[in-house]
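Notes to accompany the following structure.
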Amino acid sequence: MSAVVRLLDGPFDPAAELADFTALAAGAGAIVSFTGLARSEDRDGMALTALVLESYRSVTLRSMEGIAAAAHARFAIAHSRVLHRAGRILPGEAIVFVATAAAHRRAAFEAADYLMDRLKSEAVFWKREESVAGARWIEPTAADTADLARWHAREQD
Amino acid sequence: MSAVVRLLDGPFDPAAELADFTALAAGAGAIVSFTGLARSEDRDGMALTALVLESYRSVTLRSMEGIAAAAHARFAIAHSRVLHRAGRILPGEAIVFVATAAAHRRAAFEAADYLMDRLKSEAVFWKREESVAGARWIEPTAADTADLARWHAREQD
Amino acid sequence: MAEQLALVVELCGKLAEPHGREVTVPLPAAGCTVAELLVRLRDSFPALAPLLASGKVRVCLNETMARDETVVRPGDLAALFPPVSGG
Amino acid sequence: MAEQLALVVELCGKLAEPHGREVTVPLPAAGCTVAELLVRLRDSFPALAPLLASGKVRVCLNETMARDETVVRPGDLAALFPPVSGG
């Protein structure tokens with residue numbers, strides 16, 4: 001079992017991470033990855049120059065580790081990897097990478113989905129989009145809140 | 001929009017595929033990949049020497065293309081890639097790779113999940129596991145059938 | 001004389017176990033239906049009969065799935081598909 | 001004299017907009033509660049007041065989230081967290 005969580009200050013290569021993770025998890029059978037890339041436009045179609053993610057390193061890392069631990073407690077996964085960038089991220093660059101490995105694909109899919117839903121709403125980051133018009137602080141969307149609520153609903157089943 | 005489907009006779013590199021797909025789909029925001037690896041043991045714990053997938057090239061490819069087209073019709077995805085090996089596959093080697101790219105992560109996750117469920121049950125392959133004890137033909141599992149039924153249930157919602 | 005032409009039938013998956021990857025079955029020049037072809041195969045290759053008895057074996061003609069009433073002719077590209085395993 | 005010690009408070013996210021990344025607030029040597037700290041910050045930095053008024057701003061002390069009744073002392077590592085955006 002492995003659960004790797006990293007908070008990165010510069011660009012990383014999702015494909016290299018998948019290669020490394022797959023080598024580690026070759027015995028697992030099913031591997032799911034999610035890569036989130038910085039958008040080039042905001043919701044109104046305005047061109048973005050950067051996405052800036054502020055973190056508070058120790059607390060941010062602990063929030064990510066807590067989410068990863070919960071995924072291992074909840075799903076039958078053998079390995080997980082969660083990478084998240086902080087700082088200034090250019091359009092098209094990877095912000096977040098999540099990978100899960102399991103004997104059965106359903107667990108791998110659900111754990112990756114769960115990790116992303118929680119990271120998107122609960123990880124300790126403050127983010128703003130920068131464009132020529134200035135900066136705008138971003139909060140979780142209604143879709144993020146609804147995605148997260150799916151897991152709470154299942155807990156009460 | 002792109003939907004690439006390939007049936008391969010030899011090994012491929014899932015990480016290289018993800019790199020290529022991510023470059024193509026950089027504008028999309030959310031990328032999900034699934035990699036299925038050949039197991040080293042069968043359900044009873046017997047060591048496997050190979051997984052052999054037989055196909056009927058034209059019909060097999062058409063079955064994969066039909067599944068990919070259905071995913072694009074059903075989910076708001078911008079790009080998809082489906083690679084499947086046929087022939088003799090050694091333990092730990094990749095059998096199948098699915099990647100989806102979308103503006104929103106839910107569509108990317110659901111489309112990848114859907115593609116895998118249909119490929120696992122409906123793609124035109126016949127497979128057998130080989131061990132020192134001989135060969136055993138494999139059919140879709142009850143879990144595969146249940147996974148596939150989830151999508152039919154949602155159609156009737 | 002009408003029976004002297006023949007059809008090569010590819011056998012997929014576990015159907016290849018009794019007789020190998022293909023069998024040749026005599027066929028009249030005018031052909032026969034897919035349903036009749038299956039009967040001919042059973043008669044000519046008794047070892048295939050138990051596998052065909054499930055009713056789940058499908059016939060692929062010229063790279064397209066055929067129905068029971070489709071006509072198959074000598075020279076057609078024919079294959080028998082057992083239920084698929086999926087990927 | 002009791003007020004001559006001070007606490008440096010890091011301001012995270014949009015809380016940094018009015019006064020930059022950190023502010024220094026006078027604090028008695030014995031410290032005060034987190035609830036009192038927020039009142040002192042409001043009084044010393046009126047431009048922060050509207051941001052603090054939401055009640056959603058949390059205080060992080062020595063890398064742990066603090067409660068209203070937690071005591072904060074000069075020299076503690078303190079930060080104000082607005083609601084997180086998530087990753």
Side-chain angles (χ1 to χ4, degrees), chain A residues 13-41 43 48 51 78 90-117 119-120 141 143-144 146-148 150, chain B residues 13-41 43 48 51 78 90-117 119-120 141 143-144 146-148 150:
Chain A
D13 177 356
E17 293 297 330
L18 181 63
D20 189 60
F21 186 74
T22 302
L24 170 79
I31 294 174
V32 169
S33 80
F34 177 87
T35 307
L37 303 171
R39 296 176 202 283
S40 55
E41 296 185 347
R43 277 162 212 181
L48 293 172
L51 176 69
L90 302 181
E93 288 184 349
I95 307 166
V96 58
F97 175 83
V98 159
T100 55
H104 301 289
R105 71 181 184 284
R106 183 116 322 281
F109 267 117
E110 291 195 341
D113 196 6
Y114 173 87
L115 282 165
M116 280 309 307
D117 281 352
L119 287 167
K120 290 296 282 185
T141 64
D144 289 330
D147 284 343
L148 188 62
R150 294 182 306 144
Chain B
D13 177 356
E17 293 296 330
L18 181 63
D20 189 60
F21 187 74
T22 302
L24 169 80
I31 294 175
V32 169
S33 80
F34 177 87
T35 305
L37 303 171
R39 297 175 203 282
S40 56
E41 296 185 347
R43 276 162 213 180
L48 293 172
L51 176 70
L90 301 181
E93 287 183 348
I95 307 165
V96 58
F97 174 83
V98 159
T100 55
H104 301 289
R105 71 181 183 284
R106 183 116 323 281
F109 267 117
E110 291 195 340
D113 197 6
Y114 172 87
L115 282 165
M116 280 310 306
D117 282 351
L119 286 167
K120 290 296 282 186
T141 64
D144 289 330
D147 284 343
L148 188 64
R150 296 182 305 143

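Just so it is clear: chains get the letters A, B, ... in the order the sequence lines come, proteins before strands, and each one is counted from 1.
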**Prompt:** Are A:Arg105 and B:Asp117 within salt-bridge range, i.e. N to O under 4.0 Å?
**Reply:** yes
**Prompt:** In chain order, what residues pass the side-chain hydrogen bond (donor to acceptor under 3.5 Å, both in side chains) check against B:Glu93, with sequence neighbours excluded?
**Reply:** B:Arg85
**Asked** Which one, A:Ala103, A:Ala16, A:Ala108, A:Ala101, leads in non-hydrogen pairs under 4.5 Å with chain B?
**Response** A:Ala103
**Fill in**
Between B:Leu18 and the options A:Thr22, A:Leu18, A:Asp13, the side-chain contact (heavy atoms from CB on, under 4.5 Å) test singles out A:Leu18
**Request:** Quick one: which of B:Arg106, B:Arg39, B:Met116 has the most heavy-atom pairs under 4.5 Å with chain A, could you say?
**Result:** B:Arg106
**B:Asp147 versus chain A, the contacting section by heavy-atom distance below 4.5 Å** = side chain
Output side-chain donor-acceptor pairs under 3.5 Å for residues 23-35 of chain A, partner residues at least two apart or in another chain, one line each.
{"from": "A:Ser33", "atom 1": "OG", "to": "B:Ser33", "atom 2": "OG", "distance (Å)": "2.5"}

